S.K.: 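Handing you a structure now.
Naming convention: chains lettered A, B, ... in sequence-line order (proteins, then strands); numbering from 1 in each chain. No experiment lies behind these values; they were computed from the predicted model shown.
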Protein chains: 2
Amino acid sequence: MNSTHVGSSHPAHDLPKLTKNQGLVFDVLSAEAGPMTAYAILDALRSEGFKAPLQVYRALDKLVEFGIVHRLESLNAFVACSHPGCAQNETAAFAICERCGGVNEFTPEKAVECLQAWADGAGFAPSRTTIELRGTCRDCMAAA
Amino acid sequence: MNSTHVGSSHPAHDLPKLTKNQGLVFDVLSAEAGPMTAYAILDALRSEGFKAPLQVYRALDKLVEFGIVHRLESLNAFVACSHPGCAQNETAAFAICERCGGVNEFTPEKAVECLQAWADGAGFAPSRTTIELRGTCRDCMAAA
DNA sequence: CGTGTAAATGTTATATTATTACACATATAG
DNA sequence: CTATATGTGTAATAATATAACATTTACACG
């Protein structure tokens, strides 16, 4: 039940111990195959006593800050990071299948370098970068 | 303003004729320096007789489909395309300044190639790609 | 041990963003 | 003309997110 995920494979930041609500939200998200909306998480946690969206949003804010949950901007939804010891300093990218709803996370290092090169040239200092591909995954293509 | 790379690999001037509402929405967005939310557009068009969000959303759907307006997923807002003859086949990227709200559109060809290479390997067929950098622009960095 | 302070939580209300449903109007191809 | 696509008007509601304020808990430090 408890998500003490203390991989500490990332020395730069140790992962803070999660609070009760953060742990509950993280557990629900981790148990789900795909992304969940904040309200879906809320519903999943009503049995644990959750009553208001803010309880979810506050926990999500922290989890995203810790780098162990990602927000999918194009879906207004959230996923647990699929990296083992989630490297929160890396920019993640997501391939979102519009047919089955599945999400595949990957680390587009080369693409990020290209974007960083543009940013350097433009004098833009990125703090976070969103990369989301919407489309059709291999399985759904095959099933077409 | 950079990002004037002209793909020019598309049939020029095949802009569909805009309907009344589409034209009104496009004009408002074009006159604005930065991004606007749907409701900001609605307010701007009340004097033209707009009364309901759907009038805006329907026009925006078409304008985005035509490729002359982009949706900024991380802001839930919209911008007119900054390309002259907007190449709707190219993936645009956006550098969004969190300090001044300014948005700079560019065409990250190399980065898109890298993402496409990943997609090819994964058997994922992208239909649209979102690339948004949040951060601080040159001017705001200087003013810090 | 207390105690001060920062963080987390509980709760109500409200703001913001987006869609459903249905009626009617207009454009355009055949 | 007339069938059909698409666009429009309007009301109601759904879905997503935050503000404001009271209270509780974690925890460093004297």
S.K.: What is the base-pairing partner of D:dA5, counting Watson-Crick and G-U wobble geometry with both distances under 3.5 Å?
M.R.: none
S.K.: Just how far, in rounded Å, is P of C:dA27 from CG of B:Asn21?
M.R.: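 It works out to 13 Å between those atoms.
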S.K.: Using the side-chain heavy atoms of A:Leu54, tell me which of these nucleotides is nearest: D:dT16, D:dA19, D:dT10.
M.R.: D:dA19
S.K.: Let me know the distance between CG of B:Leu60 and P of C:dT17, rounded to the nearest Å.
M.R.: 13 Å
S.K.: If you find the nucleotide of DNA chain C closest to B:Lys17 and the one closest to B:Thr37, which residue's nucleotide is nearer the 5' end?
M.R.: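 With B:Lys17 and B:Thr37 compared, the 5'-side residue is B:Thr37.
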S.K.: A:Tyr57 side chain N/O closer than 4.0 Å to the phosphate oxygens (OP1, OP2) of D:dA17?
M.R.: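 Yes, within the criterion.
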S.K.: Could you tell me the separation between the CD atom of A:Glu73 and the P atom of C:dA18, rounded to a whole number of Å?
M.R.: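 For the pair A:Glu73 CD and C:dA18 P, the rounded distance is 12 Å.
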S.K.: CG of B:Leu75 versus C1' of C:dA18: gap in Å, rounded?
M.R.: 16 Å
S.K.: Is any side-chain heavy atom of A:Leu72 less than 4.5 Å from a side-chain heavy atom of A:Val103?
M.R.: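 A side-chain contact under 4.5 Å exists here.
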S.K.: Output yes when at least one side-chain N/O atom of B:Lys20 is less than 4.0 Å from OP1 or OP2 of D:dT8, else no.
M.R.: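 Result: no.
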S.K.: Can you see if the side chain of A:Arg71 gets near the phosphate of D:dA17 - specifically, an N or O under 4.0 Å from OP1 or OP2?
M.R.: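 Yes, A:Arg71 has a side-chain N/O under 4.0 Å of OP1/OP2 on D:dA17.
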S.K.: In this structure, how many angstroms lie between the P atom of D:dA11 and the CZ atom of B:Phe50, rounded?
M.R.: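 Nearest whole value for this atom pair: 15 Å.
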S.K.: Answer yes or no: does a side-chain N or O of B:Thr19 lie under 4.0 Å from OP1 or OP2 of D:dT8?
M.R.: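 Yes, B:Thr19 has a side-chain N/O under 4.0 Å of OP1/OP2 on D:dT8.
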S.K.: Across all strands, who's sitting opposite C:dT26 as a Watson-Crick or G-U wobble pair, both distances under 3.5 Å?
M.R.: none
S.K.: A:Arg58 has an atom CZ; how far is it from atom C1' of D:dT18, in whole Å?
M.R.: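 For the pair A:Arg58 CZ and D:dT18 C1', the rounded distance is 10 Å.
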S.K.: Using the glycosidic torsion, which applies to C:dA7: syn (within 90° of 0) or anti (everything else)?
M.R.: anti
S.K.: So do the side chains of A:Met36 and A:Leu29 get within less than 4.5 Å of each other, counting heavy atoms only?
M.R.: yes
S.K.: Check whether any side-chain nitrogen or oxygen of A:Asn76 sits under 4.0 Å from OP1 or OP2 of D:dA17, and answer yes or no.
M.R.: yes
S.K.: Below 3.5 Å, does any donor atom in the side chain of A:Tyr39 face an acceptor in the base of D:dA14, or the other way round?
M.R.: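 Looking at the base of D:dA14, it does not pair with any donor or acceptor on the side chain of A:Tyr39 (distance under 3.5 Å).
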S.K.: Any side-chain N or O of B:Gln55 less than 4.0 Å from the OP1 or OP2 oxygen of D:dT8?
M.R.: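 So the side chain of B:Gln55 is outside the cut-off, no N or O lying under 4.0 Å from OP1 or OP2 of D:dT8.
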S.K.: Can you classify the ring geometry of A:Trp118 versus A:Phe124 as parallel (below 30°), tilted (30 to 60°) or perpendicular (above 60°)?
M.R.: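 A:Trp118 vs A:Phe124 ring planes: tilted.
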S.K.: Apply side-chain contact (heavy atoms from CB on, under 4.5 Å) to residues B:Thr129 and A:Glu132 and explain how you reach the verdict.
M.R.: CA-CA 6 Å; B:Thr129 296; A:Glu132 297 176 18; over 6 Å; no
S.K.: Over how many whole Å does the gap from B:Leu42 atom CG to D:dT8 atom C1' extend?
M.R.: 14 Å
S.K.: Using the side chain to side chain donor-acceptor pair (under 3.5 Å) rule, pick out the option among B:Asn76, B:Asp61, B:Thr130 that qualifies with B:Arg71.
M.R.: B:Asn76
S.K.: Can you tell me the distance, in whole Å, between the CZ atom of B:Phe66 and the C1' atom of D:dT6?
M.R.: 11 Å
